[in-house]
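Read the structure below first, then the notes.
Residue numbering restarts at 1 for every chain, and letters A, B, ... go by the order of the sequence lines. Reckoned from all heavy atoms, side chains included, excluding hydrogens, waters and symmetry mates. Only a predicted model underlies this, so the values are computations on that prediction, with no experimental measurement involved.
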Amino acid sequence: MAVKIYAQGFDPWQEVQAYQNAARQMAGKFGATNVFIGTMRDFNEGDDVKSMHLEHYPGMTEKQLEKIIAEARRQWSVIDALVVHRVGEILPNEPIVLVVVWASHRGDAFDASRYIMEALKSKAPFWKKEALLSEDQRWVEKNTDGYKRE
Amino acid sequence: MAVKIYAQGFDPWQEVQAYQNAARQMAGKFGATNVFIGTMRDFNEGDDVKSMHLEHYPGMTEKQLEKIIAEARRQWSVIDALVVHRVGEILPNEPIVLVVVWASHRGDAFDASRYIMEALKSKAPFWKKEALLSEDQRWVEKNTDGYKRE
Amino acid sequence: MTMSIKVRYFASLKESLGRSEDDLEFTGPVTVKDIWCRANVGKPAPDNLLAAVNMEYVDWNSVVRDGDEVAFFPPVTGG
Amino acid sequence: MTMSIKVRYFASLKESLGRSEDDLEFTGPVTVKDIWCRANVGKPAPDNLLAAVNMEYVDWNSVVRDGDEVAFFPPVTGG
């Protein structure tokens, strides 16, 4: 299990591969991997977004993410999990968050991965401030519920 | 949208990156990517599995996978989707299936990816035959329901 | 008028029948079920056997036309 | 006995208060709510403001101890 906070850009595919290759004891044991990547878009709520600043609460962020993963492991049969999250200045098309869950069965991989993402969105202390193309800046006020159908 | 059937081993991370890099019009537009990878395990139903042969119905397999993706796009707001599936001789720890969904929002990415996997498991004409360490061979008889909690 | 129908078998069904296809000729309208019966005289179809015509899943009462490809196979186990 | 409490503010709250932390001293038991009131006299806490003590979410009626780190921040928007 690992939680990583990066102040610089990261390649999510590289992260997953490096983690999986290092976890040699998993080879042949996991049947299902679910990966979620949140990527910065160049628009939000109808406005063009130029960049974003992601603030966090060092220490609490890691602590909460570790608790979220531990809770996912209590609820589902999870072999391993990885969460990577960016902070600092982020540009459109850059990854913001990576969640990976390895499990024996696909139901557990999907459920645990989604649970981690939803819990992260509601509990991990990160805050986004958008810099618009119009030169305005604004704090993102609230995360939406990812389980709800629109 | 792409459906690929490979008779040789493939690197799922390489596949996703290559597809995403080629789809330049997506850059900055997708906020959520969900990836599912099914990997061959070295055990199944209590037995050690040495290798697996995956048979398919060329033509019908592609047709059914394309229909499944089209149905996912009708039900959810999906920007793009990719499905890659192995056939032929497969060894433990090798990827069998890759499903990727790009969407604006995470709910759509998770739901559509899971829908595609479940539909693939119940509708795409593939059949697995396991070669056990005991030298026995056996056809896998039935796929389980991935939505069901055990 | 004579109809030519190609019949294909897959996976464990192909193994147990000992062949992967049949080429059959019929006169007059036939259903998927008729095709199974003619191709496998005296052998009841295994439980859960699936049928496709021209690579689309069909009901066993579906009518088959000249030139159609009919396939029979066990439940699928991909993914 | 005197208690030293570090108070931290994040994101839009930090901006609107114009500072990121306070170091306060108290004598006797205090709750999270007491700390907000002392640190921000006459300013009601914004709706939905969250509170943490030692990096765990807490209720505003939680009792705070000597050496604790108390944090206030708006709803989180990561991911």
I'd like a table of donor-acceptor pairs (distance under 3.5 Å, sequence neighbours excluded) in which one partner is a side-chain atom from residues 20-28 of chain A, with atom names and distances.
residue: A/Q20; atom: OE1; partner: A/W102; partner atom: NE1; Å: 2.8
residue: A/N21; atom: ND2; partner: A/Q17; partner atom: O; Å: 3.2

Let me know if [X] has heavy atoms under 4.5 Å from chain D in its side chain, its backbone, both or neither.
X: A/H53; value: neither
X: A/S122; value: backbone
X: A/K63; value: side chain
X: A/Q64; value: side chain

Checked D/T77, D/L50, D/N54, D/N48 vs chain A; the most non-hydrogen pairs under 4.5 Å come from D/T77
Residues in residues 55-75 of chain D near chain A [non-hydrogen atoms, under 4.5 Å]: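 Under the 4.5 Å heavy-atom cut-off, D/M55, D/E56, D/Y57, D/E69, D/A71, D/F73, D/P74, D/P75 qualify.
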Neighbourhood of chain A inside residues 13-20 of chain D, taking heavy atoms under 4.5 Å as contact: D/K14, D/E15
For A/K50, I'd like to know if atom NZ has over 12 heavy atoms of other residues, nucleotides or ligands within 6.0 Å. yes
Count the heavy-atom pairs under 4.5 Å between each of A/E141, A/M117, A/K123, A/R86 and chain D, then report the option with the highest count.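 Most pairs with chain D among the choices: A/K123.
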Are the side chain of A/K142 and the backbone N or O of D/V76 linked by a donor-acceptor pair below 3.5 Å?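 No: the side chain of A/K142 does not pair with the backbone of D/V76.
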Between the side chain of A/H85 and the main-chain N/O of D/G79, is any donor-acceptor distance below 3.5 Å? yes
In terms of heavy-atom contacts, D/R8 and A/Y57 come closest through NH1-CE2, 3.5 Å
Give me the contact list for residues 129-139 of chain A versus chain D, heavy atoms only, anything under 4.5 Å, ordered by residue number.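 Hits under 4.5 Å: A/K129, A/W139.
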